[in-house]
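So the structure is just underneath, and the comments pick up after that.
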Number of protein chains: 2
Amino acid sequence: MENNTERFEKLLVKNGLKRTAPRLQVLEILSSRDSATSQPYLEQVMGKDADRVTLYRVLQAFEEKGIIHKVLDQQGTANYAICSEGCSAHEHHDEHVHFNCDNCHKIYCLDSVKIPALKVPAGFKVEHLNLIATGLCANCSSKVN
Amino acid sequence: MENNTERFEKLLVKNGLKRTAPRLQVLEILSSRDSATSQPYLEQVMGKDADRVTLYRVLQAFEEKGIIHKVLDQQGTANYAICSEGCSAHEHHDEHVHFNCDNCHKIYCLDSVKIPALKVPAGFKVEHLNLIATGLCANCSSKVN
DNA sequence: ATGTTAATGCAATTATGTTGCAAATATAAC
DNA sequence: GTTATATTTGCAACATAATTGCATTAACAT
């Protein structure tokens, strides 16, 4: 079985991106976490390993290529998670539910949960659905209550 | 039938807020529009009638009291709409669908659309649902296509 | 009319996001 | 391995957005 770094290198090459330290580091961090990661957190963890501007550009490039997707939390802060299979530069397919924990503030991508079909008023044409649920995650609901 | 200004004055008093010009103006603007209103737009319309900081504070106070609710658009910009009945300082009840038009970028609160129940993984406790649909609104879909 | 509290406006500060450009680095060709 | 080329990075400057403290002003109860 190949290790993470090899996987990530392939992923970068596949998308026409060069194998650079900041890019690999971002992929390592995002993949090591079970929930979406906020930009401020990334900034903090990367510290002086990468410039703030570089982080912006790495995230932007990844999003454009369909490697990661962005979720905004309640405060409007950008959070990022690695895309499931099927996303590409051309189109994202991340129409899963994002669960926002009120306690630990983690954002979970609930890939297994399907968004139900929606009846909208006449004339409206729905292209994409973005469902954000808030409450307590499995971890916190066992501890808090 | 009472006019808007009277209604708004009552609304403010009911929530323990003083009847001031900037507050009344914000309520006038929000209620005159059929979709949620962005903070930048409010800022522009209010012009020199109110300081930018005042606007922030008015919006914050209104949101806390349950007079208006905030919706973030795709870019993370805050948009505001007057709450339906039933919202209070203690709790918001705005679990309707927010429709984001890709063409005119208006945000509609589709009060009539009910968000379907959701099956989440074991342990997760859903408190609130926030469903954002994107696509074309009734107005634009008749013009664009 | 007057006093008290809340709200506003201004100035200063901090945080966040963007752009241009020179230096550094990845990678392909030799 | 060296060299050439294009990409990527880091820095600096800039632009925009949000926050805080405080003195002044305005609302409203008495």
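As a basis for the values below, the full set of heavy atoms in this structure was taken, side chains included, without hydrogen atoms, waters or symmetry mates. Letters A, B, ... are given to chains in the order of the sequence lines, protein chains preceding strands, and every chain is numbered from 1.
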Query raised in the report: Does any donor atom in the side chain of A:Gln39 or A:Asn79 lie under 3.5 Å from an acceptor atom in the other side chain?
Result: no
Query - Side chain B:Arg23, main chain B:Leu12, donor-acceptor under 3.5 Å - result: no
**Report entry** Residue list, side chain to side chain donor-acceptor pair (under 3.5 Å) with A:Arg19, at least two apart or on another chain
**Finding:** A:Glu9
Query raised in the report: To the nearest 10 degrees, how far apart in direction are the end axes of the helix from C:dA1-D:dT30 to C:dC30-D:dG1, each fit to five base pairs?
Result: 30°
Requested in this report: Check salt bridge (Lys or Arg N to Asp or Glu O under 4.0 Å) between B:Glu127 and all other residues, then give those that pass, not counting sequence neighbours.
Outcome: none
Query raised in the report: Among all residues two or more places apart in sequence or in another chain, which pass the salt bridge (Lys or Arg N to Asp or Glu O under 4.0 Å) test with B:Arg52?
Result: B:Glu43
Requested in this report: Could you tell me the separation between the CG atom of B:Leu12 and the P atom of C:dT8, rounded to a whole number of Å?
Outcome: 10 Å
Query raised in the report: Rounded to whole angstroms, how far apart are CG on B:Asn15 and C1' on C:dA6?
Result: 15 Å
Query raised in the report: Okay, side chain of A:Ser141, backbone of B:Phe124: is any donor-acceptor separation there less than 3.5 Å?
Result: no
Query - Donor-acceptor contact below 3.5 Å, side chain A:Thr54 vs main chain A:Ala50 - result: no
Query raised in the report: Can you tell me how far C1' of C:dA12 sits from CZ of B:Arg52, to the nearest Å?
Result: 13 Å
Query - side chain to side chain donor-acceptor pair (under 3.5 Å) involving A:Gln25 - partner list, sequence neighbours excluded - result: A:Asp49
Query raised in the report: On DNA chain D, which is the earliest and which the latest nucleotide, 5' to 3', with an atom closer than 4.0 Å to a heavy atom of chain B?
Result: D:dA17 to D:dC28
Report task. With sequence neighbours left out, write down each residue that passes ring pair (Phe, Tyr, Trp, His ring centres under 6.0 Å) with A:Tyr80, or none if nothing qualifies. Result -> none
Query raised in the report: For DNA chain C, what residues of residues 37-50 of chain B have any heavy atom nearer than 4.0 Å?
Result: B:Asp49, B:Ala50
Query - Atom pair distance, as rounded to whole Å: CG in B:Leu55 and P in C:dC10 - result: 14 Å
Report summary line: The complete set of salt bridge (Lys or Arg N to Asp or Glu O under 4.0 Å) pairs with one or both residues in residues 26-38 of chain B, sequence neighbours excluded, reads B:Asp34-B:Lys106
Report summary line: From CD of B:Gln60 across to P of C:dA7 the rounded distance in Å is 12 Å
Report summary line: All heavy atoms of B:Phe99 vs all of B:Gly135, minimum pair found to be CZ-C, 3.7 Å
**Report entry** Pair listing, salt bridge (Lys or Arg N to Asp or Glu O under 4.0 Å) test, anchored in residues 131-140 of chain A, at least two apart
**Finding:** none
Report summary line: side chain to side chain contact (heavy atoms under 4.5 Å, CB included) filter on B:Leu118, not counting sequence neighbours, yields A:Val97, A:Val113, A:Pro116, A:Leu131, B:Val120, B:Leu129
Report task. Classify every nucleotide of nucleotides 19-30 of chain C by which part a protein heavy atom approaches to under 4.0 Å, writing B for the base, S for the sugar-phosphate alone and - for neither, in 5'-to-3' order. Result -> BB-----BS---
